[in-house]
Amino acid sequence: MNLRMRDDQQEALKARAEEEGRSMHAIVLQAIDRYLEQEADRATVRRLGAKYAAAHSDLLKRLGE
């Protein structure tokens, strides 16, 4: 896989990597891991929200009145 970034993104990433004493590659992998974890969490919340909304639809209707 090739990752194409704008010049300003690459410069900012390079500067951040130098500040942290890490490689640009390590920072990008960490960002990908964080994104994937956040999206998995969002999917779980959506799934559970739908499950409990359906299970407690009567209660939610009464609370909305």
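Only a predicted model underlies this, so the values are computations on that prediction, with no experimental measurement involved.
Under the side chain to side chain donor-acceptor pair (under 3.5 Å) criterion, Gln38 pairs with no residue, sequence neighbours left out. By the side chain to side chain donor-acceptor pair (under 3.5 Å) test, Arg16 is found to be paired with Glu19, residues two or more places apart in sequence or in another chain being considered.
With hydrophobic clusters built from ILVMFWY side chains whose heavy atoms lie under 4.5 angstrom apart, Leu13 shares a cluster with Tyr35. Under the 4.5 Å side-chain heavy-atom criterion for Ile, Leu, Val, Met, Phe, Trp and Tyr, Leu3 and Leu29 are members of distinct hydrophobic clusters.
Residue pairs meeting the side-chain hydrogen bond (donor to acceptor under 3.5 Å, both in side chains) criterion with at least one partner in residues 47-58, sequence neighbours excluded, are absent. Among residues at least two apart or in separate chains, side-chain hydrogen bond (donor to acceptor under 3.5 Å, both in side chains) pairs with a member in residues 23-32 are Arg22-Gln30. The salt bridge (Lys or Arg N to Asp or Glu O under 4.0 Å) contacts involving residues 5-15 comprise Arg6-Asp8, where partners must be two or more places apart or lie in separate chains. Sorted by first and then second residue, the salt bridge (Lys or Arg N to Asp or Glu O under 4.0 Å) pairs with a member in residues 29-40 read Glu39-Arg42; sequence neighbours excluded.
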